[in-house]
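Below, chains carry the letters A, B, ... as their sequence lines are ordered, and counting in each starts from 1. Computed from heavy atoms alone, side chains included, the values below leave out hydrogens, waters and symmetry copies.
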Amino acid sequence: MQQKLSLYNTLTRKKEVFEPLHAPFVGMYVCGPTVYGEPHLGHARSAVTFDVLYRYLKYLGYKVRYVRNITDVGHLENDADEGEDKIQKRAKLEHLEPMEVVQHYTNVYHKDMDKLNVLRPDIEPRASGHIIEQIAMIQEILENGMAYVVNGSVYFDVPAYHKNHNYGRLSGRIIEDLLSNTRETEGQGEKRSPLDFALWKKASPSHIMRWPSPWSDGFPGWHLECSAMSRKYLGTTFDIHGGGLDLMFPHHECEIAQSQASHNHTDAARYWVHNNMITVNGQKMGKSLGNFINLSELFSGKHELLTSKYSPMTIRFFILQAHYRSTLDFSNEALQAARKGYTKLMNGLHVLQKLQYQEENENGTPDEKLNAEIQKLIEDCFRGLSDDLNTARTIASLFNLLKKINSFYLGQLPLSALTRGTFDYMSNTYKELVLDVLGLKEEPLGDMEDMLDLVLDFYKEAKEAKAYDKVDTIRAELKKQGIVIKDLKTGVDWAYEE
RNA sequence: GGUAACGUGGCCGAGUGGCUAGGCUCAGCUCUGCAAAAGCUGCUACAGCGGUUCGAAUCCGCUCGUUACCUCCA
């Protein structure tokens, strides 16, 4: 019934049928945020994309271990030799301990992701909590002759690695091209080759975040944490590695190199999955361009590019309505369309709650053609998801299914034409895909106090009309909600039931 | 400069060589006290030029345009 899931593997540049290494277990590692600033729409896209993958794998019955890291050390501003640690820089600016900065932005990230209904990963390791593992890994690489020490810093020796391996395999780079295109020795410093990258950096006296190591008091290179932590929690070879397309080079390329150089297992992860970027007016949304929109700004509407605020579920739907490997262009029009589309899907949920398949329907004559048509629409939903997680197609199919559901609701199509099996399949699939797999949920309605005021108005009217049965009903129903009505001399008010 | 993508109707956005993606917008109809919702119908496109093919948005080539990566970014 459900097709096998296929995923586009950056490593092979092909869609491949997903087969876990040790079914039913699946190990999945996704590069999480560097917690030195507010999470933005780009973070949301990555998180939502892999959230849906996580959810769908679980839906298919796999036992998934989902690891997503928090980068809290070693991510430098610029070139590995020159740059300042992003977190340390922020800490200086705000007169905080670096770990305060880390904690603050981790909290914000969690809060925003929760709003987007992104499930927390099973393990969320921090780079600073895995210094020992990273040092051990550097030692292995040194022993294998693919790194060298200079003045207390350790660098990965890309040319040495490339003799027996293929540096550039993931990103399709050719090492000779990379070498010839590198700017003239600028900022190369201690590195033997401009392609080499830091595994361990000796800390300058002013550097706060530092740990002892066999080579110096210092800190690990950015790429290393992912190699060390994925290995620790998922093993030397695991199933899926995800992240944003912009991490493919050099970050993921370096990860592969480190992993191979240390334990000599091929590629570490078997399926490399990359989500594409969000664009604004056709241009990538990015830190360096300064055109990114924070999630809190989207939720509140406070940003010069925004004409209104957009709810978390609107954002989630917006992201899901495009395929994860396409760029997705931000615009207010697109967001507003997403809001309506999302609402439509939610209304479908309500309709389904009201639709009851009655016993007598079973005595009807099933319309074979209609049953078959609905079965096909349901299978289309799965076809989209299974085909490289094409949520756009799944949503389109859900809308097609919804048309039928609405027609049943309006009595334009008779429920008795459906078998109970088809009805349950339709109803369950719609609910499960929308809620459990796409991870959409209903957002609270408008202002409850305004609604209460409306009820109180009816209450007053009923009282004036001496319609006491109505009055009693209103009181009883509100009491069920934990609310009591107070008839005061000054008017009618409500209070929480004590 | 090197590498890799992409160019779909008013907007967003799917698309496995032949069968209506879908959403939003707009117009009309059904329904309706007025509306809304919903259903139905319409507006029906594949950058350009060649080629392959019985048949191409889909494959190939060229041209034009846009973008990404090669430096930090999800």
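Contact check on A:D51 versus A:R55 returns a salt bridge, with a Lys/Arg side-chain nitrogen under 4.0 Å from an Asp/Glu carboxylate oxygen. The pair A:R383-A:D387 does not meet the salt-bridge criterion, since no charged nitrogen lies less than 4.0 angstrom from a carboxylate oxygen.
Heavy atoms of A:D329 sit under 4.0 angstrom from primed sugar atoms or phosphate atoms, though from no base atom. Using a 4.0 Å heavy-atom cutoff across all strands shown, A:A396 reaches at least one base atom of the nucleic acid. Nucleic acid contact class of A:S397 (heavy atoms, under 4.0 Å, all strands): none. Nucleic acid contact class of A:L245 (heavy atoms, under 4.0 Å, all strands): none. Note on A:H274: nothing from the nucleic acid sits closer than 4.0 angstrom, heavy atoms only. Among the atoms of the strands shown, only primed sugar atoms or phosphate atoms (P, OP1, OP2) are found under 4.0 Å from some heavy atom of A:G244. Heavy atoms of A:G286 sit under 4.0 angstrom from at least one base atom. A:D387 comes within 4.0 angstrom of nothing in the nucleic acid, heavy atoms only.
For A:Y409 and A:H350, the gap between ring centers reaches or exceeds 6.0 Å. Taking the centre of each ring, A:Y155 and A:F197 stay at or above the 6.0 Å mark.
Of the residues near RNA chain B, A:L410 and A:N400, the one whose nearest nucleotide (by heavy atom distance) lies more toward the 5' end is A:N400. Closest-nucleotide positions on RNA chain B for A:H251 and A:T327 were compared, and the one nearer the 5' end corresponds to A:T327.
As a whole-Å value, the separation of A:L328 CG from B:rA68 C1' is 15 Å. B:rC6 atom C1' lies 16 Å from atom NZ of A:K284, rounded to whole Å. The distance from atom CG of A:N294 to atom C1' of B:rA74 is 13 Å, rounded to the nearest whole Å. Atom CZ of A:R173 is separated from atom P of B:rC69 by 10 Å (rounded to the nearest Å). In this structure, the CZ atom of A:R45 is 13 Å from the C1' atom of B:rA68, given to the nearest Å. If you measure from atom CE of A:M248 to atom P of B:rC73, you get 14 Å, rounded to the nearest angstrom. At whole-Å resolution of the value, NE2 in A:H252 and P in B:rA4 are 21 Å apart. Counting to the nearest Å, the P atom of B:rC73 and the CD atom of A:Q283 are 19 Å from each other.
Scored by the ring pair (Phe, Tyr, Trp, His ring centres under 6.0 Å) test, A:F399 finds no partners at all (sequence neighbours excluded). In this structure, A:K202 has no salt bridge (Lys or Arg N to Asp or Glu O under 4.0 Å) partners at least two apart in sequence or on a different chain. Every residue two or more places apart in sequence or in another chain that forms a salt bridge (Lys or Arg N to Asp or Glu O under 4.0 Å) with A:R231 is listed here: A:E140. With sequence neighbours excluded, no residue forms a salt bridge (Lys or Arg N to Asp or Glu O under 4.0 Å) with A:E442. By the salt bridge (Lys or Arg N to Asp or Glu O under 4.0 Å) test, A:D367 pairs with no residue at all, sequence neighbours left out. The side chain to side chain donor-acceptor pair (under 3.5 Å) check on A:H251 picks up A:H223, A:E255, with sequence neighbours excluded. Shown here are the ring pair (Phe, Tyr, Trp, His ring centres under 6.0 Å) partners of A:F18, two or more places apart in sequence or in another chain: A:Y62, A:Y271.
The nucleotide whose nearest atom lies closest to any side-chain atom of A:T34 is, among B:rC70, B:rA74, B:rA14, B:rA74. Comparing B:rC70, B:rG13, B:rG15 by their nearest atom to the side chain of A:F249 picks out B:rC70.
Non-hydrogen atoms lying under 4.0 Å from RNA chain B are contributed by A:Q321, A:A322, A:H323, all within residues 314-325 of chain A.
Under 4.0 angstrom from either OP1 or OP2 of B:rG15 there lies at least one side-chain N or O belonging to A:N390. At the phosphate of B:rC70, neither OP1 nor OP2 sits under 4.0 Å from any side-chain N or O atom of A:S171.
Between A:Q375 and A:Y425, the side chains place no donor N or O within less than 3.5 Å of an acceptor N or O (distance only, hydrogens not considered).
Pair assignment for B:rC19 gives none, since no Watson-Crick or G-U wobble pairing has each distance under 3.5 Å. With a 3.5 Å ceiling on both atom-pair distances, B:rA14 lacks any Watson-Crick or G-U wobble partner. In this structure B:rU30 sits in a base pair with B:rA38, meeting the Watson-Crick or G-U test at under 3.5 Å. Nucleotide B:rG55 forms a pair with no other nucleotide shown, judged by Watson-Crick or G-U wobble geometry with both contacts under 3.5 Å. Summarising the base pairing, B:rU44 is matched to no nucleotide, lacking a Watson-Crick or G-U wobble pair whose two defining distances lie under 3.5 Å. In this structure, B:rG7 forms a base pair with B:rC64, meeting either the Watson-Crick or the G-U wobble geometry with both donor-acceptor distances under 3.5 Å. For B:rG1, the paired base is B:rC70 (Watson-Crick or G-U wobble, both distances below 3.5 Å).
Atom CG in A:D246 sits 9.0 Å away from atom OG in A:S46 (nearest 0.5 Å).
A distance of about 33 Å separates the C1' atoms of B:rG10 and B:rC69, rounded to the whole Å. Rounded to the nearest Å, the gap between the C1' atom of B:rA37 and that of B:rU44 is 26 Å. Taking the C1' atoms as reference points, B:rG42 lies 27 Å from B:rA47, given to the whole Å. Distance check on atom P: B:rG17 versus B:rG23 gives 25 Å, rounded to whole Å. When the C1' atom is used for both B:rU8 and B:rA57, the distance is 7 Å, rounded to whole Å. Taking the P atom of each, B:rC6 and B:rU16 are spaced 11 Å apart, rounded to whole Å. Taking the C1' atoms as reference points, B:rG65 lies 46 Å from B:rU30, given to the whole Å. Distance check on atom P: B:rG15 versus B:rG7 gives 10 Å, rounded to whole Å.
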Hey, what are the protein-to-nucleotides 42-47 of chain B N/O distances that come in under 3.5 Å?
none

Can you give me the N/O atom pairs linking the protein to nucleotides 25-33 of chain B at distances under 3.5 Å, or say none if there are none?
residue : atom : partner : partner atom : Å
B:rU25  : OP1  : A:K340  : NZ           : 2.5

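Counting only residues at least two apart or in different chains, ring-ring contact (aromatic ring centres under 6.0 Å, His included) contacts with residues 285-324 of chain A comprise A:H40-A:F292.
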What donor-acceptor contacts under 3.5 angstrom involve side-chain atoms of residues 119-127 of chain A, with partners at least two apart or in another chain?
residue : atom : partner : partner atom : Å
A:R120  : NE   : A:D114  : OD1          : 3.2
A:R120  : NH2  : A:D114  : OD2          : 2.7
A:D122  : OD1  : A:Y54   : OH           : 3.0
A:D122  : OD2  : A:Y54   : OH           : 3.0
A:D122  : OD2  : A:Y66   : N            : 2.8
A:E124  : OE1  : A:H110  : NE2          : 2.6
A:E124  : OE2  : A:R68   : NH2          : 3.2
A:E124  : OE2  : A:H110  : NE2          : 3.2
A:R126  : NH2  : A:Q103  : OE1          : 3.2

